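Have a look at the structure below, then the notes.
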There are 2 protein chains.
Amino acid sequence: MDLNAKISCKNCKHGWGNFKNLTAKELEIVNENRFQANFQAGEIIFKQGSPVSNAVFLINGMAKIYIEGFDKKRMMVGIAKPKALIAGPGTFVDDRHHYSVAALTDVTACFIKMDVLKDFVNTNGKFAEGWLRDISQKALGTFYKFLSHTQKKMHGRLAETLLYLADEVHNSDDFTMLLSRQELGELSGMAKESVVRILKDLAQDNIIEDKCPHIKILNRKKLQMISNMG
Amino acid sequence: MDLNAKISCKNCKHGWGNFKNLTAKELEIVNENRFQANFQAGEIIFKQGSPVSNAVFLINGMAKIYIEGFDKKRMMVGIAKPKALIAGPGTFVDDRHHYSVAALTDVTACFIKMDVLKDFVNTNGKFAEGWLRDISQKALGTFYKFLSHTQKKMHGRLAETLLYLADEVHNSDDFTMLLSRQELGELSGMAKESVVRILKDLAQDNIIEDKCPHIKILNRKKLQMISNMG
DNA sequence: TTTACGTATTGATATATATCAATAAAGAAA
DNA sequence: TTTCTTTATTGATATATATCAATACGTAAA
């Protein structure tokens, strides 16, 4: 696979859904303001606090999105995949990133000058509306996650995380865990030791199979129930 | 005070900041699609799950914005005041409200047909950008609150809430508490009994004065420190 | 192979916080 | 005024969860 092959935004399969609202001419401008870069697993793609100069999209690979909170304690917001715009809510507020993004696998990322995209908001109403929808969708996701973190107990939160990984990230009930126990904890809002213990509980009840980097959901119905009940 | 006096959107002092991006003609259309209604303290203005048919603004009074979560447990998101758009992130996603709003005081509210405002997104780029900024700002607020709820301890969260009430709601360090202890708990993410105990602690340390419905911040520096340290 | 280092696991313990139960205070209604 | 009802307060207790400490495991380097 030749990752350096000239891909144009016009025929890109990894592009943002909202790009369908752009005209051919506008897409051409996007393409002219596009940069590509490779990251190894573990490398930081952008850092909380730095200026939002580009919109970022993953062409392949996955990355974690996380906030560095009080006394360096981390909260993982989610996992980024291709096709989704990665650019924080700071874009229209203070031009600063409000979270960091780091590659979980080897990643090829596409950077598009933010000024160019922002300009289209003024000239292309459908694009503006698409962006409003995008931001709103993410805000809703954050809302729901907030609720779940403050109202569910640990078992419910971890069950929810496992379902998220299966459904949204790997599209399979049988996957290789990308995240360490520490990171699973940051994503589910608990200590790494708690992650270990709860995974053990779930395995003992035959709800999941955990052959360490491999996870298999054996009883989705029960897992769903644990997630719902909290 | 005659609340039923004909107010036009053109000279309204309680309007959304983003209305400054509308032309006189557009404002006229807004004015034609405007409805006003009065609510008594305690009454529900709109309910989570119901369709987003109108943008809501308070002309006067205050309201609480809250989510009804798992087993009816409530989470208060914030307090709405005049000048701010009240319409959830569902507006551009599923046309449903994702939280409820209830009057805390007697309230006069202004309803503007959402379709009308959405149309302007397509024809007025500055207005679209303003709305993007508005939603982004709220998303950032939610993010920060999320972090604070998951990483701070109770004293820090309640201190933060008191500062929020002083700075954002009442613009004074000396105010009459609008919220019951139950509601303060819903806003700070803790049980009502914990609110009582922590308020007592703060009063004992001469950081606040609490003559029950009246709150006075006596030592803002210390309160700020408690809020920051968690 | 051995060594070293990060990660995972397990058990013991500490702590924050919720829940329960009882009482007190404050308003509203009669 | 007295009675009723809601809200606030206090104390006792239960529980979820984090933290600490020790050990085991797995993989990369030597």
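Residue numbering restarts at 1 for every chain, and letters A, B, ... go by the order of the sequence lines. Keep in mind it's a predicted model, so treat the numbers as computed, not measured.
Counting heavy atoms from C-beta on, the side chains of B:Q224 and B:I217 never come closer than 4.5 Å.
Applying the side-chain hydrogen bond (donor to acceptor under 3.5 Å, both in side chains) test to pairs two or more places apart or on separate chains, those with a residue in residues 135-147 of chain A are A:D134-A:K138. Counting only residues at least two apart or in different chains, ring pair (Phe, Tyr, Trp, His ring centres under 6.0 Å) contacts with residues 190-218 of chain B are absent. Sorted by first then second residue, the side-chain hydrogen bond (donor to acceptor under 3.5 Å, both in side chains) pairs that include residues 191-208 of chain A, not counting sequence neighbours, are A:H155-A:D201.
Between the two ends of the helix from C:dT1-D:dA30 to C:dA30-D:dT1, each summarised by a five-pair axis, the helix axis turns through 30° (rounded to 10 degrees).
With sequence neighbours excluded, the residues forming a ring pair (Phe, Tyr, Trp, His ring centres under 6.0 Å) with B:F175 are B:H170, listed by chain and number. With sequence neighbours left out, the ring pair (Phe, Tyr, Trp, His ring centres under 6.0 Å) criterion links B:F46 to B:H97. In this view, A:E186 satisfies the salt bridge (Lys or Arg N to Asp or Glu O under 4.0 Å) rule with no residue, not counting sequence neighbours.
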Check: protein-nucleotides 6-9 of chain C nitrogen or oxygen pairs below 3.5 Å:
unit_1	atom_1	unit_2	atom_2	d
C:dA8	OP1	A:R181	N	3.4
C:dA8	OP2	A:R181	N	3.2
C:dT9	OP2	A:R181	NH1	3.1

Would you give me the side-chain donor-acceptor pairs under 3.5 Å for residues 62-80 of chain A, sequence neighbours excluded?
unit_1	atom_1	unit_2	atom_2	d
A:K64	NZ	A:E183	OE2	2.8
A:E68	OE2	A:K47	NZ	2.5
A:E68	OE2	A:S100	OG	3.3

Distance-only criterion, 3.5 Å: show the donor-acceptor pairs between side-chain atoms of residues 86-95 of chain A and protein atoms not counting sequence neighbours.
unit_1	atom_1	unit_2	atom_2	d
A:T91	OG1	A:G88	O	2.8
A:D94	OD1	A:R96	N	3.1
A:D94	OD1	A:H98	NE2	3.1
A:D94	OD2	A:H98	NE2	2.9
A:D95	OD1	A:K118	NZ	3.2

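B:R157 places a side-chain N or O within 3.5 Å of a backbone atom of B:G189 that can act as its donor or acceptor partner. Side-chain N or O atoms of B:D106 include one that pairs as donor or acceptor with a backbone N or O of B:A41 at under 3.5 Å.
With ring centers used as reference points, B:F57 lies 6.0 Å or more from B:H14.
In 5' to 3' order, the nucleotides of DNA chain D bounding all contacts with chain B (an atom under 4.0 Å from a heavy atom) are D:dA8 to D:dA12.
Using a 4.0 Å cut-off on heavy atoms, the residues of residues 149-164 of chain A that approach DNA chain D are A:K153, A:M154, A:R157, listed by number.
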